[in-house]
Colleague: 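Mind looking over this structure? Questions follow.
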2 protein chains.
Amino acid sequence: MAPTSETLTAERILEATEEVLRRHGPAKATVVDVARALGVSHGSVYRHFRTKAALREAVTKRWLDRTSGELSGIVAADRDPETRLRDWLAALFAAKRRKAGDDPELFATYTVLTDENGTAVGEHIADLTSQLTRIIEAGVATGDFAAIDPEATARAVFQATGRFHDPCYAREWEEPGAESDFRAVVDLLVRGLRP
Amino acid sequence: MAPTSETLTAERILEATEEVLRRHGPAKATVVDVARALGVSHGSVYRHFRTKAALREAVTKRWLDRTSGELSGIVAADRDPETRLRDWLAALFAAKRRKAGDDPELFATYTVLTDENGTAVGEHIADLTSQLTRIIEAGVATGDFAAIDPEATARAVFQATGRFHDPCYAREWEEPGAESDFRAVVDLLVRGLRP
DNA sequence: CGAATGACAGATATTGAAATCTGTCAGCTG
DNA sequence: CAGCTGACAGATTTCAATATCTGTCATTCG
């Protein structure tokens, strides 16, 4: 982490914060650590982020947005709605599971944020639900799905698959039955969506 | 809590422990407290329960079994399977929500136990899933439900409704949308079960 | 003049010593 | 002799003193 002499931007701070979080975990990462990693005083960090919570939230938001981005490709894909729905849910499960495994410390940060009821997590969920809504609307349009209220239905699908994307279940994602449990739930939900 | 002079039984210890847990919460309740409440030495408690964890688990088991008992009546009820399924899920949601509200300290104990992966919670879940399996089997028999593997389907239904009975969501059970979210998920699942 | 600094007050976290608790067991008691 | 006790060792928790951190702001620097 050689302190570059480039101007200090929010982006560079987020980069450094992510690195510090990865190394120290959410409980031990301090703003002073971040400033040290950047070779600046911690006061400078506060010029870009009002509080430590705001910084943590910004890092998490960036991290969550990467997932949303991956998934949005599936929403727009050129396939029948049922396949898109199955792919989307599978991709969400895979992405969360991968993040929990590869970046345990960042994942812990995300979990902390969930508990704190930050807006970033709420927005992420709203974003994902809206992607789901679009897939379901497409299915209603083609006659593949029957849903009176696509948005409520999307929320129901999202909540019903919580076990496979909600951080509070992260421990169980690596257990043997997880994959087949996932298929069973998705099959049931897809059957429920059909006219 | 006047120390009765009756013989010390496992049952009396469980009674006293529940009271101590209710009063102090899982973090502060000690075996010494339980012994004091009973007017005996803590060594006597260890005659009936090998460890503190075993005592905590026994209390939780008793408490969980009360819920299982309430629900088993619905499994045996004289109604069509779909109604039984809906009633059973609604009763499970209501029971958990009530317990979280009325006995927050005991509920916290239950949550701690879930995290510790004690067998009592696993057995409780197995018990509930087997009740669900019986309802689904009944539905398959009458032709109301189509399920190739009733047990796997029961597990799927249980997992898909996790948001409405898993302690990690307890906070959200009192929020305004909870009831309608519940109905949306149950409707979707019931549709998925129909032939 | 805008960006960065570093000293500061109050809040939070760490630390290590003292208190309490868990689990055992030899011996007491009815 | 079955059931209970209380002293004990080691583990855990508490508590208060100390150190560190968060967030602010008057001042410096380029």
Side-chain angles (χ1 to χ4, degrees), chain A residues 1-60 105 108-109 111-113 115-118 120, chain B residues 1-60 105 108-109 112-113 115-116 118 120:
Chain A
M1 287 299 90
T4 345
S5 52
E6 283 172 47
T7 40
L8 188 60
T9 65
E11 184 59 25
R12 282 189 63 221
I13 293 174
L14 290 175
E15 211 89 50
T17 306
E18 201 167 308
E19 183 57 29
V20 168
L21 278 170
R22 236 189 283 272
R23 199 176 299 278
H24 296 82
K28 314 215 66 175
T30 74
V31 176
V32 173
D33 289 331
V34 173
R36 206 180 357 253
L38 288 162
V40 300
S41 85
H42 76 280
S44 303
V45 174
Y46 280 97
R47 172 166 303 279
H48 293 86
F49 297 94
R50 205 149 44 273
T51 64
K52 182 184 185 179
L55 177 56
R56 208 172 29 202
E57 192 152 350
V59 171
T60 306
E105 301 294 15
T109 305
T111 308
V112 167
L113 212 67
D115 292 343
E116 282 174 357
N117 244 315
Chain B
M1 288 301 91
T4 346
S5 52
E6 284 172 47
T7 39
L8 188 60
T9 64
E11 184 60 24
R12 282 190 61 224
I13 293 173
L14 289 177
E15 212 88 51
T17 306
E18 201 167 307
E19 184 56 28
V20 169
L21 278 171
R22 237 189 282 272
R23 199 175 299 277
H24 295 82
K28 313 214 70 173
T30 73
V31 176
V32 173
D33 288 331
V34 173
R36 205 179 359 251
L38 287 162
V40 300
S41 85
H42 75 281
S44 304
V45 175
Y46 280 97
R47 172 163 304 280
H48 295 268
F49 297 94
R50 205 147 42 275
T51 64
K52 181 185 185 178
L55 176 57
R56 208 172 28 200
E57 191 153 349
V59 172
T60 306
E105 302 292 15
T109 305
V112 167
L113 212 67
D115 292 344
E116 281 173 358

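All chains are named by letter (A, B, ...) in the order of the sequence lines, taking the proteins before the strands, and each is independently numbered beginning at 1.
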Colleague: Name the pairs: protein N/O against N/O of nucleotides 28-30 of chain C, kept only if under 3.5 Å.
Modeller:
none

Colleague: Rounded to whole Å, please give me the gap between CD1 in A:Ile13 and P in C:dA3.
Modeller: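 Distance, rounded to whole Å: 12 Å.
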Colleague: Might you point out which heavy atoms bring A:Glu105 and A:Leu21 nearest each other, and give the distance in Å?
Modeller: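 Distance-wise, the nearest heavy atoms are CB-O, 3.3 Å.
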Colleague: Atom CG of A:Leu38 and atom CD of A:Glu19: how far apart are they, to the nearest 0.5 Å?
Modeller: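 If I round to the nearest 0.5 Å, the distance is 11.0 Å.
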Colleague: Do nucleotides 12-17 of chain D as a string where each nucleotide becomes B, S or -: B if the base has a protein heavy atom under 4.0 Å, S if just the sugar-phosphate does, - if no protein is that close.
Modeller: --S---
Colleague: Report, as a single string ordered 5' to 3', how protein heavy atoms within less than 4.0 Å touch nucleotides 22-30 of chain D: B base, S sugar-phosphate only, - not at all.
Modeller: BBB------
Colleague: Can you check side-chain contact (heavy atoms from CB on, under 4.5 Å) on A:Leu14 and A:Glu18, steps first, answer last?
Modeller: CA-CA 6 Å; A:Leu14 290 175; A:Glu18 201 167 308; over 6 Å; no
Colleague: Not counting sequence neighbours, which residues clear side chain to side chain donor-acceptor pair (under 3.5 Å) with A:Thr30? List them please.
Modeller: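 Checked A:Thr30 against side chain to side chain donor-acceptor pair (under 3.5 Å); matches are A:Asp33.
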Colleague: Which atom pairs, one a donor and one an acceptor, fall under 3.5 Å between side chains of residues 49-60 of chain A and the rest of the protein, sequence neighbours left out?
Modeller:
from: A:Thr51; atom 1: OG1; to: A:Ala53; atom 2: N; distance (Å): 3.4
from: A:Thr51; atom 1: OG1; to: A:Ala54; atom 2: N; distance (Å): 3.0
from: A:Lys52; atom 1: NZ; to: A:Ala29; atom 2: O; distance (Å): 3.1
from: A:Arg56; atom 1: NH2; to: A:Glu116; atom 2: OE1; distance (Å): 3.1
from: A:Arg56; atom 1: NH2; to: A:Glu116; atom 2: OE2; distance (Å): 3.0
from: A:Glu57; atom 1: OE2; to: A:Thr119; atom 2: N; distance (Å): 2.9
from: A:Glu57; atom 1: OE2; to: A:Thr119; atom 2: OG1; distance (Å): 2.8
from: A:Glu57; atom 1: OE2; to: A:Ala120; atom 2: N; distance (Å): 2.7
from: A:Thr60; atom 1: OG1; to: A:Arg56; atom 2: O; distance (Å): 2.8

Colleague: When you check the phosphate oxygens OP1 and OP2 of C:dT5, does a side-chain N or O of A:Ser44 lie under 4.0 Å from one of them?
Modeller: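 Indeed, a polar side-chain atom of A:Ser44 lies that close.
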Colleague: Shortest non-hydrogen contact from B:Thr17 to B:Val34?
Modeller: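 Heavy-atom minimum between the residues: OG1-CG1, 3.5 Å.
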Colleague: Measuring from A:Ser44:OG to A:His48:NE2, what's the distance to the nearest 0.5 Å?
Modeller: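 If I round to the nearest 0.5 Å, the distance is 8.5 Å.
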Colleague: Calculate the interatomic distance between B:Arg36 atom CZ and D:dT5 atom P; express it in whole Å.
Modeller: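 Atom-to-atom, B:Arg36 to D:dT5, this comes out as 14 Å.
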Colleague: Which residues pass the side chain to side chain donor-acceptor pair (under 3.5 Å) test with A:Arg47, sequence neighbours left out?
Modeller: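 Here no residue qualifies.
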Colleague: Measure the OG1-CZ distance between A:Thr109 and A:Arg22 for me, rounded to the nearest 0.5 Å.
Modeller: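 The OG1 atom of A:Thr109 sits 10.0 Å away from the CZ atom of A:Arg22.
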Colleague: For B:Arg56 and C:dC21, what is the distance between atoms CZ and P respectively, to the nearest whole Å?
Modeller: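 The distance from CZ of B:Arg56 to P of C:dC21 comes to 15 Å, rounded to the nearest Å.
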Colleague: Nearest whole Å is fine: how far is C:dT20 P from B:His24 NE2?
Modeller: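 About 14 Å, once rounded to whole Å.
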Colleague: I need the CG-P distance between B:Leu55 and C:dC21, as an integer number of Å.
Modeller: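 Checked: the CG to P distance equals 15 Å.
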Colleague: Mind checking side-chain contact (heavy atoms from CB on, under 4.5 Å) for A:Ala35 and listing every partner two or more places apart, or none if nothing turns up?
Modeller: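 Residues passing side-chain contact (heavy atoms from CB on, under 4.5 Å) with A:Ala35: A:Val40, A:His42, A:Val45.
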